[in-house]
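Each ligand, and each atom within it, is numbered from 1 in the order the structure gives.
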Amino acid sequence: MRKIEIAPSVLSLDYSIFEKQCADLNQSSAHYLHFDVMDGHFVPNLTFGPDILKGFRKACPNMILDVHLMVDDPDMFIEAFVNAGADLITFHYEACTSHEEIKKILAKIHSYGIKAGLVIKPKTDVSVLFDFLDQCDLILVMSVEPGFGGQKFMESSLDKVKALRKRIDESSLSCLIEIDGGINDITASFAIEAGADVLVAGSYVFKGDIQQQINHLYKTR
Ligand code: DX5
Ligand code: ZN
């Protein structure tokens, strides 16, 4: 059976009790921490820069810091997020203008000794990713329009996950599949069944006791 990982998204963390929430995350069974970077151009919202990631690096020393770049110019920010402690950086296919640019950015992230991946928005065809799977440690499939937490899960994302699972398994690749947006105790089971390895969950994890909410996501198996 595939190992399923949960990636709580700090977009929904309660920053008025930052230390307590980080302590709970550290002690939880989640190994990934999902960090959404929004620049106000690629998506209509603004979030965090590298200095905030440094805080999470200190507060959650053993978690895998999963940086999801929703920015127009991903190349510009890679070094800063690597220096701030990122373990994995994903960037959007839609932010790039050519295959060469995508390959160059993936290679650049890898040159720092961390993991790299590509993300697609809900309206982007999954087949655009096929040329890059052998260079990606992870593919992130968006199951909502990127920009905000708390949106409704788009079921059309499940066919993309299935297509990726098939392609990755048939080619014996080790690339993981992550899904992001609208994950709760019901949609988590659909995502796992379709073939996802890593489930990002923001509003669902932080709306109650962190470990209990994570348990509900695992229980869907
Ligand atoms: C949305 C972000 C997500 C967000 C998910 O653009 O990429 O990571 O935090 O939030 P929920 O789980 O509430 O849909
Ligand atoms: Zn995200």
Side-chain angles (χ1 to χ4, degrees), residues 4-15 18 21-22 25 28 30-50 52-53 56 60 63-72 74 77 81 86-95 115-124 136-158 160-161 176-192 196-210 212-218 220:
I4 306 298
E5 297 279 2
I6 307 295
S9 171
V10 299
L11 192 60
S12 294
L13 187 143
D14 182 348
Y15 287 88
F18 177 80
Q21 299 253 282
C22 287
L25 286 166
S28 78
H31 300 126
Y32 284 71
L33 198 60
H34 188 80
F35 187 85
D36 287 311
V37 179
M38 306 185 191
D39 67 354
H41 291 272
F42 184 77
V43 287
N45 196 4
L46 275 174
T47 57
F48 327 103
I52 306 292
L53 188 71
F56 278 101
C60 303
M63 297 190 82
I64 298 166
L65 295 184
D66 162 21
V67 175
H68 173 194
L69 294 181
M70 284 163 274
V71 300
D72 275 341
F77 295 104
F81 282 105
D87 296 297
L88 159 70
I89 296 179
T90 60
F91 60 98
H92 274 263
Y93 172 85
E94 301 85 1
K115 294 192 176 350
L118 260 180
V119 193
I120 51 166
K121 295 208 263 187
K123 290 192 187 101
T124 303
C136 288
D137 300 291
L138 176 146
I139 292 291
L140 172 50
V141 175
M142 289 306 300
S143 40
V144 296
E145 281 298 336
F148 300 92
Q151 302 180 71
K152 191 175 176 292
F153 183 80
M154 296 168 84
E155 298 216 351
S156 53
S157 61
L158 295 172
K160 295 184 189 180
V161 172
L176 296 174
I177 304 171
E178 183 177 44
I179 188 162
D180 181 8
I183 293 293
N184 57 37
D185 51 346
I186 297 161
T187 56
S189 63
F190 301 156
I192 294 168
D197 303 286
V198 185
L199 312 182
V200 176
S203 47
Y204 186 78
V205 165
F206 291 100
K207 77 177 179 185
D209 176 81
I210 289 175
Q212 257 177 33
Q213 294 300 101
I214 291 171
N215 287 346
H216 293 321
L217 295 174
Y218 280 123
T220 61

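Protein residues having at least one heavy atom under 4.0 Å from any atom of ligand 1 are Ser9, Leu11, His34, Asp36, Met38, His68, Met70, Met142, Pro146, Gly147, Phe148, Gly149, Gly150, Asp180, Gly181, Gly182, Val200, Ala201, Gly202, Ser203, listed by chain and number.
Lys121 NZ: more than 12 foreign heavy atoms inside a 6.0 Å radius.
Around the Zn ion (ligand 2), the protein contributes the following N, O or S atoms under 2.8 Å, ordered by chain and number: His34 NE2, Asp36 OD1, His68 ND1, Asp180 OD2.
Here the OH-OG1 distance, from Tyr204 to Thr187, works out to 9.0 Å after rounding to the nearest 0.5 Å.
Ring pair Phe18/Phe56: centre-to-centre distance below 6.0 Å.
Panel note: side chain Gln21, backbone Asp14; a donor-acceptor pair is recorded below 3.5 Å. Not a single donor-acceptor pair under 3.5 Å links the side chain of Lys115 to the backbone N or O of Asp66. Here the side chain of Ser12 pairs a donor or acceptor atom with the backbone of Ser203 at under 3.5 angstrom.
Closest non-hydrogen pair, Val67 versus Ala86, comes out as CG2-CB, 3.7 Å.
The side chain to side chain contact (heavy atoms under 4.5 Å, CB included) test with Glu178 singles out one residue from Ile139, Val198, Val161, Leu199, and that residue is Val198. Only one option out of Val37, Thr47, Val43 pairs with Met70 in a side chain to side chain contact (heavy atoms under 4.5 Å, CB included); it is Val43.
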